[in-house]
Amino acid sequence: MNLLIVTACPNGQVTSVLCSRLLQAAAERLGWQTRVEVHDARAIGAPLSEADIAAADLVLVVKTGELALGRFVGKPLLQATPAEALADPQRFLREAPERARPYAEDAAAPSGRKRLVAVTACPTGVAHTFMAAEALQQAAQRMGIELQVETRGSVGARNLLDDAAIAAADAVLLATDIEVDTARFAGKKVYRCGTGVALKQPQQTLERALSEARPLAEAAPSAGSAPATSGEKSGPYKHLLTGVSYMLPMVVAGGLLIALSFVFGIEAFKEEGTLAAALMKIGGETAFQLMVPLLAGYIAYSIADRPGLAPGMIGGLLASSLGAGFIGGIIAGFLAGYSAKAIAHWVRLPASVEALKPILIIPLVASLFTGLVMIYLVGSPVAGMLAGLTAFLDGMGSTNAILLGVLLGGMMCVDLGGPINKAAYAFSVGLLASSSYAPMAATMAAGMVPPIGMAIATVLARRKFAQSERQAGKAAGVLGLCFISEGAIPFAAKDPLRVIPASIAGGALTGALSMYFGCKLMAPHGGLFVLLIPNAINHALLYLLAIVAGSLVTGVLYALIKQGEAQPLVASAQ
């Protein structure tokens, strides 16, 4: 048998490569000859030549989303999803020749199929954004729905929706945890939900998008909204996450630059004219000064759109100069946003000067209101509260430190990138501006535990896991080392009553040990790779010990309590 294998999962490159490798290995065990073509954003894999296609006895296409197949017209072809192919690759290949049909391009053209376009976006733009897109595409493939997904991750937008795709769509699905620009969807029916809902219930989400989508003006999330917005975190929570998502790159850049300055010695930056002093000036004195204004500005932007940006940033800069820190920045952002929104809604001007409202009236009045409130009412009390919190964190005894570590570590593992996880992370990131580095160390260490623990469990109790789960365990381990807690989501989605308690136990232990050892981390992201920077964290070996201890607790505990039912994992390798 001469087999061609084509895999294409645009938002899940790990899945594309994994499918190709497993299917190729299974085909070789059957004695088949194979040629492989892997599609992703970076065009991994050699493309199939015309000679390869002409000589093929069977073409196997494992994909999510749309893929042009015109070059295979007349060849026996079978299309499948990654979940179907990974469940049992060898059995899947044995059945493929009987299931394959000669490919006819005209017959393959969609007729009367429902069409959807979607946008996925989460605060960090690392895991949930792409995992939700992958889950939606797989579900759409099974349901016979045409779906194009635009991902707005940390590296910017991918698979951008063009005007033609939007115009042809029956509805627009916004699976976002932050605010995104919706002006291009004017006149379309829109359904909103969070990335977590789309990831865990992709089929139900697509069904609701088709049946419950409403015109854009009516689809804005609000209190007591209809079921169309069920499962979506809206209101203040979404506005806060929007601010955090825009602030995070600034914090990461600033924190890493500060860590790099410590390469030359902990106090080397105090010597004027040195490279260490320059790095500290860029990171600590510039990037960190912009952190709070960005947070406040984009909270206000999420609430009131562009008119809220200027008053929000002004309020955030005031919060920094008054010593109110990130707490003051959050307050300033909400003050600026809601005041700008109120002015836009209630102030009525003659048509001849209405255009001045967004560029003159709203920024001026909202900035004045926010600034005065921050200076005379909010600044001093919040600065005092933040100073007290910083002093408490710096001077707390070992018992209080352990309790705080247990709390932060447990929160990081409760929902694996959800609102509780994000709350603990945002709290720790905010404290970096006040030079409180211990909570950040505990938070990042604990966030690595669930996926690493799942990887350990798949090794210790190998027979209890299906082949696809064992492969997902390898991917989870890599994601865990990178501080991507979402790597454990495929396991938690399938077995939450066992995975989540095991993860919390390990995360709480890691957080407690990190705080007890007095570990302090200068950078808010990067996982174990941050340790490659000298002095980025103190007590590096003890920090590693905390991570290893928590990961082993999670891995061993889950290996013991997991039931030995080897069923295929639907959302593997993400």
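Basis for what follows: all heavy atoms, side chains included, without hydrogens, waters or symmetry-related copies.
- Summarising the geometry, atom OH belonging to Y301 is positioned 13.5 Å from atom CG belonging to L294; distances are rounded to the nearest 0.5 Å.
- Nearest heavy atom pair, residue V149 against residue A133, reads CG1-CB, 3.6 Å.
- Counting only heavy atoms from C-beta outward, the side chains of M444 and M412 never approach each other to under 4.5 Å.
- Here the straight-line distance linking atom CE of M313 with atom CG of L290 works out to 8.5 Å at 0.5 Å rounding.
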Trace of the side chain to side chain contact (heavy atoms under 4.5 Å, CB included) decision for L161 with R184: CA-CA 10 Å; L161 301 175; R184 54 190 169 148; 4.0 Å; yes
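- We find the NZ-CE distance between K520 and M515 to be 9.5 Å, quoted to the nearest 0.5 Å.
- Formation of a donor-acceptor pair under 3.5 Å by the N538 side chain with backbone atoms of G518 is found in this model.
- Nearest approach of G297 to L309, heavy atoms of both residues: O-CD1, 3.5 Å.
- Checked by atom type and distance alone, the side chain of S514 never pairs as donor or acceptor with a backbone atom of T510 at under 3.5 Å.
- Here R306 pairs with nothing under the side chain to side chain donor-acceptor pair (under 3.5 Å) rule; sequence neighbours left out.
- The shortest distance between side-chain heavy atoms of Y298 and M247 does not fall below 4.5 Å.
- With sequence neighbours left out, Y543 forms a ring-ring contact (aromatic ring centres under 6.0 Å, His included) with no residue at all.
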Test log, rule side chain to side chain contact (heavy atoms under 4.5 Å, CB included), inputs H239 and Y338: CA-CA 11 Å; H239 303 321; Y338 284 116; 3.7 Å; yes
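- Partners of K357 according to the side chain to side chain donor-acceptor pair (under 3.5 Å) rule, which considers only residues two or more places apart in sequence or in another chain, are E354.
- The main-chain N or O of I166 is found under 3.5 Å from a side-chain atom of K188 such that the two form a donor-acceptor pair.
- Checked against side chain to side chain donor-acceptor pair (under 3.5 Å), T554 has no partners two or more places apart in sequence or in another chain.
- Pairing each heavy atom of M280 with each of S261, the nearest pair is CE-OG, 3.4 Å.
- At least one side-chain heavy atom of L544 sits under 4.5 Å from a side-chain heavy atom of L528.
- By the side chain to side chain donor-acceptor pair (under 3.5 Å) test, T443 is found to be paired with S428, residues two or more places apart in sequence or in another chain being considered.
- Annotation: salt bridge (Lys or Arg N to Asp or Glu O under 4.0 Å) contacts involving residues 271-298, sequence neighbours excluded, comprise K281-E285.
- Here CG of L368 is found 10.0 Å from CD1 of I314. Values are rounded to the nearest 0.5 Å.
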Given the rule in the side chain to side chain contact (heavy atoms under 4.5 Å, CB included) test, do V449 and S503 qualify, once you have shown the distances and angles that lead to the verdict? CA-CA 7 Å; V449 165; S503 298; 5.9 Å; no
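- Taking 4.5 Å as the limit, some side-chain heavy atom of M440 sits within range of a side-chain heavy atom of V429.
- You'll find the side chain of L317 stays beyond 4.5 Å of the side chain of V292, heavy atoms only.
- Salt-bridge formation is detected for the pair R152/E150: a Lys NZ or Arg NE/NH1/NH2 atom is positioned less than 4.0 Å from an Asp or Glu carboxylate oxygen.
- When all heavy atoms of G329 and A319 are compared, the pair lying nearest together is N-CB, 3.6 Å.
- Looking at heavy atoms from C-beta onward, Y437 lies out of side-chain contact with L521 at the 4.5 angstrom threshold.
- Atom CG of residue L295 and atom CD1 of residue I330 lie 5.5 Å apart, to the nearest 0.5 angstrom.
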Intermediate values then yes/no, side chain to side chain contact (heavy atoms under 4.5 Å, CB included), V119 and L173: CA-CA 6 Å; V119 179; L173 169 60; over 6 Å; no
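- Taking the side chain as every heavy atom from C-beta outward, L206 and L136 approach each other to under 4.5 Å.
- Of the inter-residue distances, the one linking E212 atom CD with Y191 atom OH reads 5.5 Å to the nearest 0.5 angstrom.
- Between F334 and P236, the closest heavy-atom pair is CZ-O, 3.6 Å.
- Of all heavy-atom pairs between A213 and A171, the closest is CB-CB, 3.9 Å.
- Within the 4.5 Å cutoff, the side chain of M448 has no heavy atoms near those of the L481 side chain.
- The closest donor-acceptor contact from the side chain of S302 to the backbone of I299 lies at 3.5 Å or more, if one exists at all.
- Of the possible polar contacts, none joining the S367 side chain to the L364 backbone as a donor-acceptor pair under 3.5 Å is found.
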